[in-house]
Amino acid sequence: MRKAQVGETVKLSGWVFRRRDHGHFLFIDLRDHYGITQVVFHQERPFFDAATRLRYESVITITGKVIARDAATVNPTMATGDIEINVLEITVQSMAEQLPILVDGMEESPEDLRLKYRFLDLRRDKLHKNIILRQQVINSLRRRMTDGGFMEFQTPILTSSSPEGARDYLVPSRIHPGHFYALPQAPQQFKQLLMVAGFDRYFQIAPCFRDEDARADRSPGEFYQLDIEMSFVTQDDVFEAVEKVVHGTFVEFAKKQVDDIPFKRITYADSMLKYGSDKPDLRIPIEIRDVSALFAESGFQAFKSAVAAGSVVRAIPVQKIADKPRSFFDKLVEFAQSVGSKGLAYLVWTGDAAAPVKGPLAKFLTPEQVASLSSQCGVQAGDAVFFVCDKKDVAAKIAGEIRKKVAKDLDLIDVNVFKFAWIVDFPMFEWDEENKCIAFSHNPFSMPQGGMEALLTKNPLEINAFQYDIVCNGVELSSGAIRNHVPEIMYKAFEVAGYGPEVVDRKFGGMINAFKLGAPPHGGIAPGVDRMVMLLADESNIREVIAFPMNQKAQDLMMGAPGEVTDKQLRELHINIDPKIVAEMKAEAAARAAATAG
RNA sequence: GGAGUGGUAGCUCAAUUGGUUAGAGUACUAGCCUGUCACGCUAGGGGUUGCGGGUUCAAGUCCCGUCCAUUCCGCCA
């Protein structure tokens, strides 16, 4: 609706967004998917009284004349602010009751209410725009993939449970008592089988189902991946293809500066050392250092003996914080302890020639050691360095947490950029402390670097995989790999992880058989669509870019899922629910009803 | 499963050290207002302070338990 239409008689439908009742006339801001238009009711119309009683969010259809507003009454903040509509006829399509949440909200409502009345929440401008953005991003991804020569496929939603990975969502079979389908955690095996079938460029906007607990960037139940697989490619080929799509999409929609391609590549080992994480936030201008060697020689007994026993010391240099009050440092020590550190030592560079550093550690270090720290950490007067000492992986993690915490508290994060990186060379295996054995650290289908020879000759814990992640602003966007398509290497890799060939045949029979009948080398990746949209919409919570998300406890409060089913349905599925469980469920339901009633 | 934070009117919040009848904005209802645009003005209705127990002359406030929400850890090949 614009100035060009002045004089026309138009019909407009929408929701009553705002109301301004002046007695002799009434303004209503009518909102639809496309925007807001001011409509005017005059007292002499027969429907005037009824119009004044329209509650917010009622749905009406009006017919009226488009009128140019006087210069004095133009509203420059509205796209339609030049005009208004003089209402001649009105139909009330739907009168709204009092609203549980406000649609015209600067105010945030409690999330459980927003989820229960999601259709109202989705009327709010911000969420409405997020969902539109989501659709545009998906469209753009799809177009870029198709233009890049990829074919879109559908793969089954009802499939078999896979032994590795997250918990499955199971669906009982009616025809086969005691047997279950599983919803796919990802179309992993199907896309690999499509490569074996000779389709060499696969993609799918694929729903993935994992029964795991939620996080701010992890919606429980289902999420979507831009699932990609390619045949006859190297890791670099995959990077090139994916970078083009991800970079192009981010440049198209981002309001921030996007890293140029090719994206930076960081080895897993380097990332753990410098950033204390395998999904580093590269916006933070702090790099962690290893100073174990220096403390092995120092007079600080606690660190010295720990290093002798195999621990490491990690240094976190922070610039220009010498003037922070003592409480700042105390709070950081407290934070370190809350994330599992035994303590947090630190040194502050004073700029005083006689006593260049102060802090709990100062008296244990020689001037030479202090000088060495200065150069290793790149610090000068006014800066400080924090020290964490623990076993390698623990120290890395704690140092990483402190790096993030300091950056947040000191406001060191540039919020106007998207910093991308590939994390490469993930270890193929890791030591499983709980079960005291060697286990796959990521995907068992990844090709070990060095192939069969590496598996036969190297320490398994030193073998890397052709396994990679793409990370943006500290968010893991996706993970992928060049796959292991050689049956002998597959059997060997599983053997290293403690599984005999019969396990491979039983659990992955479909795929291993396929690999015995002519399989191309192949690899792929699967960037998380929800997370990309979350970053592009500048939201810190993934539920803000999902139309109908579940809550943290994996419930759909609007639809009432999960819910009970009838005894007949259970009988058909050969499911017997333990009476004890039923009693517990009923008690819980009663408690919940009591709580809700109150 | 564990830790932190929170729960007061439909919604957003306030209520001093434990002390009068738990207040305000908004929404809702009624009335007034000829140009507003988050219109304005007047009045009214609306509360098991999440639930249960305890301490006290007195509890929204303190203590214990419990439920709910959220964030984080565990988990997420």
Side-chain angles (χ1 to χ4, degrees), chain A residues 17-29 36-44 52-53 55-57 67 69-78 80-81 84 96-117 120 162-168 185-186 188-189 208-220 223 335 338-340 397 401 404-405 426 428-430 434 439-446 465 467 476 479-481 497 507-508 528 540-541 543 551-553 555 557 587-598:
Chain A
F17 185 52
R18 290 193 185 109
R19 224 176 31 188
R20 291 173 296 280
D21 183 351
H22 286 255
H24 293 274
F25 57 93
L26 163 74
F27 299 108
I28 285 178
D29 288 342
I36 297 168
T37 306
Q38 173 167 286
V39 301
V40 190
F41 295 80
H42 289 278
Q43 196 177 27
E44 55 272 23
T52 63
R53 284 193 292 277
R55 279 192 287 267
Y56 286 114
E57 293 304 309
I67 293 173
R69 296 200 204 175
D70 295 344
T73 61
V74 163
N75 183 351
T77 64
M78 275 172 87
T80 59
E84 63 192 11
E97 296 179 3
Q98 178 161 149
L99 302 164
I101 62 173
L102 296 179
V103 173
D104 174 22
M106 342 266 157
E107 290 173 353
E108 279 291 310
S109 303
E111 192 156 19
D112 49 339
L113 272 182
R114 291 179 53 201
L115 292 174
K116 184 170 178 184
Y117 299 97
L120 284 179
S162 75
E164 297 281 334
R167 269 185 295 271
D168 284 316
Q185 296 184 17
Q188 183 66 36
Q189 294 192 54
C208 304
F209 305 89
R210 296 178 192 174
D211 185 3
E212 294 296 347
D213 290 339
R215 288 290 182 276
D217 64 354
R218 203 165 83 206
S219 188
F223 61 96
F335 172 81
S338 78
V339 294
K397 194 190 139 211
E401 291 297 328
K404 282 196 288 185
K405 173 75 173 165
F426 276 81
M428 183 80 193
F429 302 100
E430 65 187 11
E434 197 180 327
F440 289 111
S441 66
H442 279 80
N443 191 325
F445 307 136
S446 299
Q467 164 95 39
E476 182 192 317
S479 134
K507 306 274 193 188
F508 306 107
S540 56
N541 193 306
R543 290 186 294 271
N551 69 3
Q552 194 179 30
K553 290 197 173 155
Q555 295 167 301
L557 297 173
E588 263 178 47
R592 203 170 303 128
T596 312

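Keep in mind that this is a model prediction, so the values were computed, not measured. Within every chain, numbering begins at 1; the chains are lettered A, B, ... in the order of the sequence lines, protein sequences first and strands thereafter.
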Fill in: Interatomic distance, A:E57 CD vs B:rU26 C1' [rounded to whole Å]
15 Å
Worksheet entry | C1'-based separation of B:rU5 from B:rC76 [nearest Å] | 24 Å
Worksheet entry | Touch class at under 4.0 angstrom, heavy-atom based, for A:F445 against every strand present | nothing
Item to complete: To the nearest Å, give me how far apart NZ (A:K116) and C1' (B:rA69) are.
Response: 14 Å
Practice prompt. For B:rG1 versus B:rA9, give the span between their C1' atoms, rounded off to a whole number of Å.
Written response: 37 Å
Item to complete: Just need the stems in RNA chain B: three or more back-to-back Watson-Crick or G-U pairs, each with both distances under 3.5 angstrom, sorted by first number.
Response: B:1-7 with B:67-73, B:10-13 with B:23-26, B:28-32 with B:40-44, B:50-54 with B:62-66
Practice prompt. Check salt bridge (Lys or Arg N to Asp or Glu O under 4.0 Å) between A:E401 and all other residues, then give those that pass, not counting sequence neighbours.
Written response: A:K404
Item to complete: Give one of base, sugar-phosphate or nothing for A:Q188, where a contact means two heavy atoms less than 4.0 Å apart.
Response: base
Worksheet item: What is the distance from CD of A:Q552 to C1' of B:rC72, rounded to the nearest Å?
Response: 9 Å
Fill in: Nucleotide of B:rC28, B:rU26, B:rG35 approaching A:E84 most closely (side-chain heavy atoms)
B:rG35
Discussion item. So for A:R218 and B:rC76, does any side-chain atom that can act as donor or acceptor lie under 3.5 Å from a complementary atom in the base?
Written reply: yes
Discussion item. In whole Å, measure the gap between the P atoms of B:rC72 and B:rA59 for me.
Written reply: 39 Å
Discussion item. Any heavy-atom pair between the side chains of A:Q38 and A:R18 that's under 4.5 Å?
Written reply: no
Discussion item. What is the distance, to the nearest angstrom, from the CE atom on A:M78 to the C1' atom on B:rU36?
Written reply: 11 Å
Practice prompt. Would you mind telling me which of B:rC28, B:rC76, B:rC37 lies closest to the side-chain atoms of A:R19?
Written response: B:rC28
Discussion item. Please determine whether a side-chain nitrogen of the Lys or Arg among A:R20 and A:D29 lies less than 4.0 Å from a carboxylate oxygen of the Asp or Glu.
Written reply: yes
Discussion item. Rounding to an integer number of angstrom, what distance separates B:rU26 and B:rA38 when you compare their P atoms?
Written reply: 14 Å
Worksheet item: Do A:R55 and B:rU29 have a side chain to base donor-acceptor pair shorter than 3.5 Å?
Response: no
Response to the item:
Picking from B:rU70, B:rC75, B:rC37, the nucleotide nearest the side-chain atoms of A:R543 would be B:rU70
Discussion item. With a cut-off of less than 4.0 Å, is there a side-chain N or O of A:R20 near OP1 or OP2 of B:rU36?
Written reply: no
Worksheet item: Is any side-chain nitrogen or oxygen of A:N551 closer than 4.0 Å to OP1 or OP2 of B:rA69?
Response: yes
Item to complete: Rounded off to whole Å, could you give me the CD-to-C1' distance for the A:Q555 and B:rC67 pair?
Response: 13 Å
Worksheet item: For the side chain of A:D70 and the base of B:rG35, is some donor closer than 3.5 Å to an acceptor across the two?
Response: no
Worksheet item: Among all residues two or more places apart in sequence or in another chain, which pass the ring pair (Phe, Tyr, Trp, His ring centres under 6.0 Å) test with A:Y56?
Response: none
Fill in: A:E212: salt bridge (Lys or Arg N to Asp or Glu O under 4.0 Å) partners, not counting sequence neighbours
A:R167
Practice prompt. Using a 4.0 Å heavy-atom cut-off across all strands, classify A:L26 as base, sugar-phosphate, or nothing.
Written response: nothing
Response to the item:
Considering only heavy side-chain atoms of A:D213, the closest of B:rA30, B:rG1, B:rU71 is B:rG1
Response to the item:
Comparing nearest nucleotides in RNA chain B, the 5'-proximal residue of the pair A:R210, A:T73 is A:T73
Worksheet entry | Nearest-angstrom distance, P atom, B:rU49 to B:rG7 | 15 Å
Worksheet item: If you count the non-hydrogen atoms of other residues, nucleotides and ligands that lie under 6.0 Å from CD in A:E97, is the total more than 12?
Response: no
Item to complete: Looking at every strand, decide which applies to A:R114 at a 4.0 Å heavy-atom threshold: base, sugar-phosphate, or nothing.
Response: nothing
Discussion item. For a quick check, tell me whether the side chain of A:D21 and the base of B:rC33 share a donor-acceptor pair closer than 3.5 Å.
Written reply: yes
Worksheet entry | Atom-pair distance (CD1 on A:I101; P on B:rA27), nearest Å | 16 Å
Worksheet item: Reckon A:N541 touches a base, only the sugar-phosphate, or nothing at all at heavy-atom distances under 4.0 Å?
Response: sugar-phosphate
Worksheet entry | d(CZ, A:F17; C1', B:rC39) in whole Å | 15 Å
Item to complete: Assert yes or no for the condition that the ring centre distance of A:F508 to A:F445 is strictly below 6.0 Å.
Response: yes
Worksheet item: Can you list the steps and then say if A:F41 with A:F25 is a ring-ring contact (aromatic ring centres under 6.0 Å, His included)?
Response: CA-CA 5 Å; A:F41 295 80; A:F25 57 93; over 10 Å; no
Discussion item. Measuring only the C1' atom in each nucleotide, how far is B:rA69 from B:rA30? A whole number of Å is fine.
Written reply: 37 Å
Discussion item. Taking the minimum atom-to-atom distance to the side chain of A:R69, which one of B:rC75, B:rG35, B:rC37 wins?
Written reply: B:rC37
Item to complete: Go through the structure and list residues passing salt bridge (Lys or Arg N to Asp or Glu O under 4.0 Å) with A:K405, not counting sequence neighbours.
Response: A:D409
Practice prompt. Check every strand shown and say whether A:V74 touches a base, only sugar-phosphate, or nothing at a heavy-atom separation below 4.0 Å.
Written response: base
Discussion item. What contact category does A:E111 fall into here, base, sugar-phosphate, or nothing, at under 4.0 angstrom with non-hydrogen atoms?
Written reply: sugar-phosphate
Worksheet item: Where the side chain of A:L113 is defined as all heavy atoms beyond and including C-beta, which of B:rC11, B:rC37, B:rC28 is the nearest nucleotide?
Response: B:rC11
Fill in: Pair A:N443-A:Q467, side-chain donor/acceptor within less than 3.5 Å
no
Discussion item. If I take atom CZ in residue A:R53 and atom P in nucleotide B:rA30, what distance separates them, rounded to the nearest angstrom?
Written reply: 7 Å
Discussion item. List the residues meeting salt bridge (Lys or Arg N to Asp or Glu O under 4.0 Å) with A:K116, not counting sequence neighbours, and say none if there are none.
Written reply: none
Worksheet item: Do we count A:H22 as stacking onto B:rC33 if the rule is ring centres under 5.5 Å and planes under 30°?
Response: no
Worksheet entry | Residue whose closest nucleotide on RNA chain B lies nearer the 5' end, A:Q467 versus A:K553 | A:K553
Worksheet item: Using atom P of each nucleotide, how far apart are B:rA15 and B:rG23 to the nearest Å?
Response: 14 Å
Worksheet item: Which nucleotide, B:rC68, B:rG10, B:rC72, lies nearest any side-chain atom of A:P100?
Response: B:rG10
Worksheet, complete the sentence: Looking only at B:rC68, B:rG35, B:rG10, the nucleotide nearest the A:L102 side chain is B:rG10
Discussion item. I'd like the P distance from B:rG2 over to B:rU66, given in whole Å.
Written reply: 10 Å
Worksheet item: Ignoring hydrogens and angles, does a donor from either the side chain of A:Q98 or the base of B:rG46 sit under 3.5 Å from an acceptor on the other?
Response: no
Discussion item. Heavy atoms only, 4.0 Å cut-off, all strands: where does A:E401 land among base, sugar-phosphate and nothing?
Written reply: nothing
